[in-house]
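Owing to the predicted nature of the structure, the values given are computational and were not obtained by experimental measurement. All values below come from the heavy atoms of this structure, side chains included, with hydrogens, waters and symmetry mates left out. Order of listing sets the numbers, starting from 1, for every ligand and every atom in it.
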Amino acid sequence: MTAVGIDAMEIWTGKLKLDLAETFAAEKGEDPEKYTKGLGLFASSFPDAHEDIVTMGANAAHRLMERKGLTPADIGRIDVATESAFDNSKPVSTYIAGCLEQVYEEDFHHANKGERKFACIAGTQSLDDAYNWIRAGRNRGRSALVVATDTALYARGDPGEATQGAGAVAMLVTEDPDLVELSTEQGYGSADETDFLKPNQQFPSVDGKRSMQVYLARMREALEDFESVAGDTHPDDFAFIPYHTPFPGMVRKAGLLGYRHMIRCTEVEDELADEIGRQPREEEFDDREAYEEAIRGYMDDLKSTDQYREWYAEVVEPTLSISREVGNWYTGSVHIARAAALQYAAEEDRDVTGDRLLVGSYGSGAQAEIHAETIQEGWREEVDALNVDEQIRNRYDISFEEYEQVHDRHNHDKSIELAAFTEPDGEFVFAGRGAMDERTYDYVE
Ligand code: CAA
């Protein structure tokens with residue numbers, strides 16, 4: 001069977017930076033370590049006054065098409081994943097295609113366009129749609145463009161405010177990909193939950209603490225489902241495990257849960273038994289509460305063992321380097337985690353061709369999906385082409401007063417004029433509103 005997967009990707013960060021320790025914590029009168037150590041975040045990316053989900057998505061897609069030498073005729077579908085859409089009918093992919101048509105002679109009139117919504121998991125679902133379309137043989141030799149783009153803003157004063165972020169990831173899905181092949185095997189953990197939602201409102205209603213429990217429960221369910229088709233997983237099976245990363249502290253919890261699950265009934269559990277005992281088994285307890293307390297005790301001990309700490313440092317920690325500088329990108333978050341891991345492998349000069357990733361995506365509401373990916377021969381060239389670190393360094397560092405203006409500027413209920421902090425250079429910008437209140441865009445040379 002021909003391999004299908006991600007051939008190339010490009011990342012576009014919002015051009016502003018809010019420093020959480022220096023600027024945000026200081027203003028809130030909080031200990032900066034709550035952010036840097038507790039949540040694991042140093043900064044958030046924000047969209048400049050001329051940026052939004054369309055410009056960020058179109059700019060990432062444009063870079064991708066230019067680098068790969070593509071024209072619109074090479075693209076058979078454009079799927080945009082977002083939970084920040086501003087239109088309940090016209091999909092963001094049409095706006096992005098409209099932007100790209102300003103800079104290419106051809107058009108996308110024969111490309112299927114859509115918009116995927118299921119909170120943060122929609123980016124992975126769009127990859128899925130592209131994969132299935134190619135596997136079904138309906139692509140006529142063309143590739144799919146998948147764009148995950150979000151402005152993850154929370155209401156001012158919401159506990160989620162510290163985890164905001166803005167950016168886009170564009171991915172090209174093809175046969176014989178250069179970056180990663182996606183596994184056919186997948187696992188799902190899905191349930192009707194009300195942990196985080198936006199009932200026709202821009203900023204989410206969030207039950208923060210519950211959302212973390214739901215994330216872990218669905219992720220665990222998805223791993224069990226994945227194992228039911230792919231066989232048991234073992235910590236040594238995967239070079240890296242990129243998770244959906246609302247903030248790195250969440251992944252710390254998911255990593256520990258995943259490790260406990262994977263070592264159960266293995267030689268690793270046996271090796272650790274002298275130090276911390278064996279994992280509690282439910283049948284050994286009279287009630288669920290006692291069992292859960294014993295599990296919590298075991299997890300506390302497990303996270304201090306050398307085996308776990310070394311595994312986490314090698315397999316999970318490298319996935320967090322971009323996220324800790326940009327915050328939550330919702331649909332793009334798990335995809336920047338993959339990119340961060342591969343960048344780390346390149347920096348360490350590791351040859352990871354043929355190695356596998358276990359990718360854990362999650363969307364509130366709630367659903368987790370787990371699949372495996374195999375790193376392809378062309379990975380190094382693809383990763384070396386990314387300029388995300390440079391983009392992160394070049395962001396304009398906003399003061400708290402500027403942050404308040406930027407938040408208002410992107411608040412759909414306000415209409416605030418604000419001069420851009422950065423100079424657009426070879427990119428799409430928001431140009432205003434048209435006769436039917438549609439958003440309009442220009443390309444600035
Ligand atoms: N030094 C070191 N650590 C500190 C500290 C300090 N001075 N002060 C606090 N901490 C630690 C806390 O112990 C805590 O860590 P643990 O959970 O490991 O104990 C961490 O910092 C955060 O502190 P709080 O729990 O007090 O923070 P909070 O209540 O203000 O907010 C939150 C945390 C509820 C997650 C909030 O950020 C939030 O609502 N976020 C949005 C929802 C979210 O991201 N949920 C994640 C799962 S849902 C999902 O993944 C979908 C999605 O993208 C939204």
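Here's the thing with Tyr362: none of its N/O atoms is less than 3.5 angstrom from an N/O atom of ligand 1. Not one N or O of Tyr215 is nearer than 3.5 Å to an N or O of ligand 1, by distance alone. Remark: ligand 1 and Lys253 share an N or O pair separated by less than 3.5 Å (distance only, no angle test). Ligand 1 has an N or O atom lying under 3.5 Å from an N or O atom of His244, backbone or side chain. Residue Pro159 has at least one nitrogen or oxygen atom sitting less than 3.5 Å from a nitrogen or oxygen atom of ligand 1, judged on distance alone. Polar contact with ligand 1: present for Ser211 (N/O pair, distance under 3.5 Å). The distance criterion of under 3.5 Å between nitrogen or oxygen atoms is not met by Asp195 with respect to ligand 1.
Using a 4.0 Å cut-off between a side-chain N of Lys or Arg and a carboxylate O of Asp or Glu, Asp87 and Arg439 do not qualify as a salt bridge. At a threshold of 4.0 Å, the pair Glu325-Lys17 does not count as salt-bridged, since none of the basic side-chain nitrogens sits closer than that to a carboxylate oxygen. A salt bridge does not link Asp300 to Arg296: none of the charged side-chain nitrogens sits closer than 4.0 Å to a carboxylate oxygen. A salt bridge does not link Glu51 to Lys15: none of the charged side-chain nitrogens sits closer than 4.0 Å to a carboxylate oxygen.
Distances from atom 47 (C) of ligand 1 to the protein include at least one heavy-atom value under 4.0 Å.
Relative to the ring axis of Phe240, Arg338 does not place its NZ or CZ within 45° and under 6.0 Å from the centre. Cation-pi geometry between Lys90 and Tyr95 is satisfied (NZ or CZ under 6.0 Å from the ring centre, within 45° of the ring normal). With Tyr362 as the aromatic partner, Arg218 does not meet the cation-pi criteria of under 6.0 angstrom to the ring centre and within 45 degrees of the ring axis. A cation-pi arrangement is found for Arg77 relative to Trp133, the charged atom lying closer than 6.0 Å to the ring centre and inside a 45° cone about the ring normal.
Comparing Lys37, Lys34, Met219 against atom 23 (O) of ligand 1, the shortest heavy-atom distance belongs to Lys34. Nearest residue to atom 50 (O) of ligand 1 from Pro246, Gly327, Gly365 is Pro246 (criterion: closest heavy atom).
Every heavy atom of Glu30 sits 4.0 Å or more from the atoms of ligand 1. Not a single heavy atom of Tyr35 lies less than 4.0 angstrom from ligand 1. A heavy-atom separation below 4.0 Å is not found between Gly249 and ligand 1.
When non-hydrogen atoms are compared, ligand 1 lies under 4.0 Å from the side chain of Cys120 (C-beta onward) but not from its backbone. Here Asn328 has side-chain heavy atoms under 4.0 Å from ligand 1, and that is the only part of it that gets that close.
Inspection of the Tyr291 and Glu284 side chains reveals no N or O donor paired with an N or O acceptor under 3.5 Å.
Counting protein heavy atoms only, atom 24 (P) of ligand 1 is closest to Lys209 NZ, 3.5 Å.
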